[in-house]
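Below you'll find the structure, written out as structure tokens, and then a few comments.
Quick caveat, the model's predicted, so the values are computed rather than measured.
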Amino acid sequence: QLSDLHIPLKIGSDAALFRAINHLLIKNNHYDTDFINKYTNLFPDYKNSLETIDWELTIRDTGISRSEIEKVAEILELEYVFLITASGNS
């Protein structure tokens with residue numbers, strides 16, 4: 001099995017998808033605080049920017065349903081997740 005889940009994302013909408021995923025991960029406190037404190041800057045600002053999300057816009061832009069995005073976030077909440085993104089057929 002090559003993957004657990006394939007998300008046929010609209011071209012150019014990966015940022016919208018990751019914003020929605022990050023919204024869910026942060027909302028559910030599924031992130032490594034020690035890592036963030038050690039290796040990032042301005043996380044509180046980023047976290048605040050994700051407090052609300054326009055789901056209708058996200059669904060329209062990505063072509064992915066909210067339930068599919070939530071499924072991705074649930075998978076990413078597990079340990080030892082390997083995420084691959086790619087575009088094109090090259």
Should L24 and L76 be counted in the same cluster of Ile, Leu, Val, Met, Phe, Trp and Tyr side chains packed under 4.5 Å apart? yes
Which of parallel (below 30°), tilted (30 to 60°) and perpendicular (above 60°) describes F43 and Y31? tilted
Backbone of I53 reached by a side-chain donor or acceptor of H23 within 3.5 Å: no
Are I36 and L25 linked, directly or through intermediate hydrophobic residues, by side-chain heavy-atom contacts shorter than 4.5 Å (ILVMFWY only)? no
Hey, could you give me each pair passing salt bridge (charged side-chain N to carboxylate O under 4.0 Å, His left out) that has a residue in residues 9-37? Not counting sequence neighbours. none
Hey, what do you get for CG (L50) to CZ (F18), rounding to the nearest 0.5 Å? 13.5 Å
With R60, which residues qualify under salt bridge (charged side-chain N to carboxylate O under 4.0 Å, His left out), at least two apart? none
Please report the interatomic distance CD1(I21) to OG1(T58), rounded to the nearest 0.5 Å. 10.5 Å
For E74, all residues meeting salt bridge (charged side-chain N to carboxylate O under 4.0 Å, His left out), sequence neighbours excluded: none
E68 and side chain to side chain contact (heavy atoms under 4.5 Å, CB included): which single residue from K71, E70, R66 fits? K71
Residues passing the side-chain hydrogen bond (donor to acceptor under 3.5 Å, both in side chains) test with S65, sequence neighbours excluded, are S67
Test side-chain hydrogen bond (donor to acceptor under 3.5 Å, both in side chains) applied to N28 - qualifying residues, sequence neighbours left out: E77
With N22 via side-chain hydrogen bond (donor to acceptor under 3.5 Å, both in side chains) - residues at least two apart: Y46
Look up atom CD1 in I11 and atom OG1 in T62, then write down how far apart they are to the nearest 0.5 Å. 13.5 Å
Going through the checks in order, is the side-chain contact (heavy atoms from CB on, under 4.5 Å) test met by I64 and I59? CA-CA 5 Å; I64 307 299; I59 291 164; over 6 Å; no
Rounded distance [0.5 Å steps], CD1 in I69 versus CH2 in W55: 5.0 Å
